[in-house]
Amino acid sequence: MKTMTCHDLGGPCMLEHQGSTADAVIKAQDRHLRDAVRAGDQTHVAAREAMKGRWRHPKKSMDWYNRVKRDFAALP
């Protein structure tokens with residue numbers, strides 16, 4: 001298991017997400033952003049909108065995705 005924070009993934013806070021793959025951590029971040037915005041946390045709105053945009057335009061988002069995968073792979 002490896003750990004990345006919301007901030008590592010482009011969000012505003014230091015909540016830790018753990019997973020055995022980068023995709024698992026990305027999915028945890030997506031859930032976190034959705035839940036935070038639903039709960040009224042305005043600090044997460046911009047990151048949530050960016051995440052939604054990535055899912056809508058995957059070809060344009062490959063730089064972000066590849067960076068996260070590299071960062072994840074570099075973790076101990």
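This structure is a prediction, so every number in the text was calculated from the model and none was measured.
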Are I26 and L33 connected into the same hydrophobic cluster when the rule is that any two of I, L, V, M, F, W, Y join if their side-chain heavy atoms are below 4.5 Å apart?
yes
Sidechain N-carboxylate O distance under 4.0 Å for D30, K52
no
If you take all heavy atoms of L75 and K2, which pair is closest and at what distance?
O-NZ, 3.2 Å
Rounded to the nearest 0.5 Å, what's the gap from OG1 on T5 to CD on E16? Could you check?
7.5 Å
Taking ring-ring contact (aromatic ring centres under 6.0 Å, His included) as the cut-off, I'd like each qualifying pair that reaches into residues 2-27, sequence neighbours left out, listed once.
H17-H32
Search all heavy atoms of W64 against all heavy atoms of L9 and return the closest pair with its distance.
NE1-O, 3.6 Å
By side chain to side chain contact (heavy atoms under 4.5 Å, CB included) - contacts of R38 (at least two apart):
R34, D35
Which pair of heavy atoms, one from A24 and one from G19, lies closest together, and at what distance?
CB-CA, 4.2 Å
Minimum heavy-atom distance between G53 and S61, given as atom pair plus value:
O-OG, 4.4 Å
With rounding to the nearest 0.5 Å, note down the distance linking NE2 in H44 to CG in L15.
7.5 Å
Any pair with a residue in residues 62-74 that passes salt bridge (charged side-chain N to carboxylate O under 4.0 Å, His left out), sequence neighbours left out, goes on the list, sorted by first then second residue, please.
R67-D71
What one should report as the nearest heavy-atom pair of F72 and V25 is CE1-CG2, 3.7 Å
Can D23 and T21 be said to form a side-chain hydrogen bond (donor to acceptor under 3.5 Å, both in side chains), step by step?
CA-CA 5 Å; D23 290 329; T21 66; 5.2 Å; no
Heavy-atom closest contact (C6 atom, C13 atom, distance):
CB-O, 3.3 Å
